[in-house]
Structures are given as structure tokens and as C-alpha cells.
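A quick write-up on the structure given underneath.
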Amino acid sequence: MLKLTFKHLYLLFETERVKIITLNATSFIENPQAHTIYKIKEEVNFFSQKPCISIILSLEEDHSHHFKEAIHSILEQHYTNWELCIAVCGKLQSKVQGFLETQQKKDLRIKIAYLNNNCSMAASSNAAVALATGEYLALLSSNDILSSDALYEIARKINLHSKCDFIYADEKPRNENEAFYKPDWCPDSFLSRNYIGCFAVIKRELVNQIGGFHADYEDVLHYDLYLRLTELTSSIFHIPKIIYHKRSDRRVRKTSINDAGLQALKAAITRRGLNAHAEQLLHAPNCYTVRFKPHPHKISIIIPTKDQTQVLKTCLDSIYTKTTYKNFEVIVVSNNSTEQSLFSLLENYKNNHGNFHYYESNQPFNYSKLMNEAVSRVTSEFLLFLNNDMELISSDWLQDMLGQAERPSIGAVGVKLLYFNNTIQHAGIVMGSKNGLTSHTFIGDPQNIPRHFHQVDTINNYSAVTAACLMCRKTVFNEVNGFDESLQITFNDVDFCLKLIERGYYNIYLPHVELYHYESLTRGSHFKTASTIKQHSIEIEIMRARWSNYLDYDPCYSMHLDHSGNFQICGDSASH
């Protein structure tokens, strides 16, 4: 029998979740939380890379109250190849010099720079960076602490990903219950707010390449730094575990953060050459909206329908009376309709609007096939799939969706959908719900109540968005062969979105584009007949077989949040 070494097993079985590994006829749970110090050190011995990590700590007058705890948390690290680089502003020198020099004598990995009285946070942070010799810099606030396995987790991630430039992790305020469990790298979510936080580990050469911290953004040094760094690299990795604890009593004016964050974001937009502008969300501190100005492309709005004349009329009337963007056409696909009033409505719209078209497709209902056939008929560069049971709220919906859809990095664009009582019907889709497949986020919640660090209020990347209102480029639609016609009733939109992710695109949710969705009025919920129930079961099995990796781990969500879609912490993660 082939004998595998610990190193082989470690590389073979690595995931971010708990699993069993057999080693020398002994089983243990390879869960970093359960590791003893001995096992961690044993594992580190097999790392092919043992990088020196330079912890950057700057001490300023307003943020020096708990720095001893921060230093103590570093001295307790299980991973030992680190150095602590401390920069002290002049006014603090007399207060902290004795303690720091005592610690330095005990541990030669501690380096200290004393600065003049007028140093800024940017200057002190850069002075600490100048002391560093490690391959990676770990940014730490003097008010915050690391868990004892933090640097081990960092080194572990570096060993798993040879091209690792930027690492961040989950966090939790000290003495508070609410943890912040983060998604994997979501670039559009990051343009909405600094969800990475203050603690991150970055290759030192990249920080030096961009010139370190900039004093122009004193209140948002990290956000500005990350914005500039993420313009150089996409090798960004997330550790789905709390290894960083911040204090919740930072004494920084929210207004100054808002202003500085917005300016940092505007500077990033200019550097990137984006035809966009950023706005501050007034009801969501430190959150922003980036709107892209589109080129005047033609958009084909494709609406399937079966009878329900008044439902469709409400939808069409809202499109033609409220939409400010004019370069669009509407194509209604009538599937097995029989109501004469419907055909009268369609003829009336056709006679009064040159950009309105309809045709009949009298075949057994198959949403994917209907939409694929409709796309084959259009010449427009952009497609908008829209249910017939919709009513516009936002008049600028098309230009906002188009501005995102024409970006090369974007696959599908989704929006916020509301029930008639102004509660949320859709604000993005997460994978792995209670039935093992998907859930709409924040479903049934009042639309004006903040949820999970303003997740519902901000532009975010999701693994999927609903095709009840979905825009994309025709080129990307054809690139993934459109909707899968074996998914006749449900999950065709989720499958489509996941195919886009597999091709390297990001899907995006726009909270400021709102429509009412009078859900499933035409067909009913999953069309409750024996044949459709059977087909629905078949489609569930197709999705489970095809997308088990996303059902197990949604990169735009968190393994520590339950999959009801409401961003609630799982019971087994509550004390994590």
C-alpha cells in the first residue's frame, strides 16, 4: 500500500472546513480551531514556505490605550517566524518607551522607531513599514488583538496558494456578540464599503510599489491602501475564520470617515479610468454607491407571458411611462395564451409603439427554451429578462443596469425586488439553502431596515441573481450557451449565473434599482401539478449534481452564516 506522508495528506485534503484525516493509524479532526499548539507546530514543520511576517503597529496619541494587549497577542502567536515593527509618535515616547524597551530586550524580533511630535497616522505607519524585512506585512491597529493562531492561519493560506498577495479574515468586536463573517474577494462589494477591515496581510513589495500609506486619506488609510493595492493584483484570499478582534470604541468621527472614504473612492475611479461617479449613502455610514455611465446601447427587454392581461398591462404601462432611457425595445413572448383581451393589448401596444414586438410560441412551457429562442431573434447587444408580473419603481433602472452590464468583468446584473407591501422579495441569491439549493436574501424584511452591515443597501457581488429582472450582454449569454433547457421551470437563472462565474465574471446586485414583483401570478408557485412537481424534483437533482461545490461553499456568502438568506450566524458559529 502506498504510504502518504503528513505533507501529502495535508495538501490532498485541504479545504476550509472540518474533515477527518488518517495519519499513522490515528484519526484527528483537521480543524485549526481544535488544533493543539503541538499539532500546529508539527504542521508548520511541513510547510514548504515559512515566510517572515512583519506586523506593522503604529502608536498615536488617540489610539494607544490598549497597545499592550495588542503586543501581548503577538507574543503568544503559535507561528514564530514574525517580527514586530512599531512606530511611536513623539508625544507618546515618554509614556511607552520603558515598556517597549523591556519587551524588546526579551524578544529581539521587536523593532521600534521613535518619530517627531507632529507625526500623522500615515507617517507613523510608513515608518513601521520601513523597519520591516519580512516578505509579508500584517497591518494591525494598536487597539486590536490577534488570536494565537492568526499568523499560523496566514502562513497556512500562503502555503496553499503560491501566488498569494493579499489575505484578509473574519473579525469580531471585543466584548460584543455580532461577528463579521465575510465573503471571499468581491470587488464590487469592496467599492461599496471597506468590508476587509483594518487587519490584512499583504506582500511587502506591493506596499512599497504603491508608496505605502497616503496622508491625504488619514481617516481611511486602510481603505485607500487596499483600493490602490487591488488595482495591482487579483491574488486576494480570504480566511473564513475569526482571527482578529477589534475594539468597538474607536473614537473617530463618522463624518470625517465618510468624507475621506468617498474621496479615496473617487480617486480610485479616476486612476482606473472608469466612466463612473461615487455617492455617499446618507443612511448607511461609510457606505458608497458607484454608478457607471453607459454608452447608448440598445436593450432588448424580453417578457414571457401566458394570458393575465391586466398583469402584463401593469408591467408594460410602467415601462413606457416611467423609463427615462429610450434606446430599448420590448419583445413579449406569448406562450399558450388564449385570452382575446391579451392579444388586443399586444396589438394596441404594437400599433402605438414602434419599439414593441410580440410573437406566439405555442409549445409546452419551458422557460429556458422560450428565452433562448427569443434571444436568437434579437440583434441588440444587451438583453433584459423580465417577468410579466413586474412594475417599475425606479425610472432610471435601464441606464443603471446597463452601466454595470457593459463592464467587461460583469456577467449578470440583478436588482432589488419588492412585494406589494414594500417588503423584500429579492436582494441577491445565496447558495446552499435549507432545502439544499438556494435562497433569496432578506426575503420578507422591510426594505428600509439596515441588515448585516448594510448588505441590503449596498451594491454587492452574489453568486446568483434572479432572472425575474436580469440584464447581461448578449455575448456572455451566448458564451455560456444561454439557459439550460433541461431546467424548464426553476433554477435556470441560478445555473446561468454560476456558469458566468465559472467563466470568470462577477454577478452583481443593485439595491438602488427597485421594482415591484407580484410573484408568479401567471403560472403560480412552481405550477402545482403532478408533472411539474416531478420536473421540479428532477431539476433539484440536476443542480445538486452540477453545482455541489457552490452549494457547499458560496464564495459570495459565508460558511458561518445560515443559508436562509438572512445573514444570521449559524448556531455552531455563534461562539466562533
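Owing to the predicted nature of the structure, the values given are computational and were not obtained by experimental measurement.
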Establish, from distance only, whether the side-chain atoms of [X] and [Y] form a donor-acceptor pair under 3.5 Å.
X      : Y      : value
Thr458 : Asn460 : yes
Glu69  : His66  : yes
Tyr419 : Gln447 : no
Gln209 : Arg204 : no
Asp562 : Ser564 : yes

How many angstroms lie between atom [atom1] of [X] and atom [atom2] of [Y], to the nearest 0.5 angstrom?
X      : Y      : atom1 : atom2 : value
Leu551 : Leu498 : CG    : CG    : 8.0 Å
Tyr288 : Leu262 : OH    : CG    : 6.5 Å
Asp219 : Leu221 : CG    : CG    : 8.0 Å
Asp165 : Leu229 : CG    : CG    : 9.0 Å
Leu402 : Lys293 : CG    : NZ    : 12.5 Å
Trp397 : Leu515 : CH2   : CG    : 6.0 Å

pair [X]-[Y]: side-chain heavy atoms closer than 4.5 Å:
X      : Y      : result
Ile56  : Leu140 : no
Arg156 : Glu43  : yes
Arg109 : Leu84  : no
Tyr462 : Thr441 : yes
Asp445 : Val456 : no
Leu487 : Arg546 : yes
Leu437 : Trp547 : no
Trp82  : Ile74  : yes

Would you find a donor on one side and an acceptor on the other, under 3.5 Å apart, between the side chain of [X] and the backbone of [Y]?
X      : Y      : answer
Ser125 : Ala122 : no
Thr270 : Lys266 : yes
Thr230 : Leu227 : yes
Ser142 : Phe67  : no
Ser394 : His512 : yes
Gln280 : Cys287 : yes
Arg228 : Tyr223 : no
Asn461 : Asn507 : yes
Asn566 : Gln568 : no
Thr438 : Met431 : no

Ring centroid separation for [X] and [Y], is it under 6.0 angstrom?
X      : Y      : result
Phe567 : Tyr557 : yes
Tyr195 : Tyr168 : yes
Phe453 : Phe180 : yes

Which of parallel (below 30°), tilted (30 to 60°) and perpendicular (above 60°) describes [X] and [Y]?
X      : Y      : result
His426 : Tyr509 : perpendicular
Phe47  : Tyr152 : parallel
Trp185 : Phe190 : tilted
Phe199 : Tyr244 : parallel

**Evaluation steps, ring pair (Phe, Tyr, Trp, His ring centres under 6.0 Å), between Phe385 and Phe477** = CA-CA 11 Å; Phe385 301 98; Phe477 184 86; 5.5 Å; yes
**Asked** Just wondering, are more than 12 heavy atoms of other shown residues or ligands nearer than 6.0 Å to NE2 in His72?
**Response** no
**Heavy atoms of other groups near Lys50 NZ, more than 12 under 6.0 Å** = yes
**Fill in**
Residues pairing under salt bridge (charged side-chain N to carboxylate O under 4.0 Å, His left out) where one sits in residues 72-86, two or more places apart or in two chains, turn out to be Glu83-Lys111
**Asked** Could you walk me through whether Asp552 and Arg544 pass the salt bridge (Lys or Arg N to Asp or Glu O under 4.0 Å) check?
**Response** CA-CA 10 Å; Asp552 288 341; Arg544 284 177 175 163; over 6 Å; no
**Prompt:** With respect to Ile55, which candidate in Leu137, Val201, Leu151 satisfies the side-chain contact (heavy atoms from CB on, under 4.5 Å) definition?
**Reply:** Leu151
**Worked check of side-chain contact (heavy atoms from CB on, under 4.5 Å) between Ile202 and Ile167** = CA-CA 6 Å; Ile202 309 160; Ile167 304 169; over 6 Å; no
**Request:** Let me see the working for Asp144 and His245 under side-chain contact (heavy atoms from CB on, under 4.5 Å), right down to the final yes or no.
**Result:** CA-CA 6 Å; Asp144 304 332; His245 299 265; over 6 Å; no
**Item:** side chain to side chain donor-acceptor pair (under 3.5 Å) evaluation trace for Tyr553 with Asp184
**Value:** CA-CA 10 Å; Tyr553 187 89; Asp184 289 351; 3.0 Å; yes
**Request:** Would you please test Tyr506 and Gln404 for side chain to side chain donor-acceptor pair (under 3.5 Å) and show each step?
**Result:** CA-CA 11 Å; Tyr506 290 97; Gln404 297 284 356; over 6 Å; no
Indicate yes or no: does [X] engage [Y] in a salt bridge with an N to O separation below 4.0 Å.
X      : Y      : result
Glu171 : Lys182 : yes
Asp170 : Lys241 : no
Glu279 : Arg291 : yes
Asp188 : Arg407 : yes
Glu231 : Arg271 : yes

**Set of side chain to side chain contact (heavy atoms under 4.5 Å, CB included) partners for Ser148, sequence neighbours left out** = His78
**Message:** Run the side-chain contact (heavy atoms from CB on, under 4.5 Å) test on Phe442 and Thr423 for me, step by step, so that the C-alpha distance in whole Å, both residues' side-chain angles and the decisive distance to 0.1 Å come before the verdict.
**Reply:** CA-CA 9 Å; Phe442 304 105; Thr423 59; over 6 Å; no
**Request:** Would you please test Asp149 and Tyr79 for side-chain contact (heavy atoms from CB on, under 4.5 Å) and show each step?
**Result:** CA-CA 7 Å; Asp149 60 351; Tyr79 180 80; over 6 Å; no
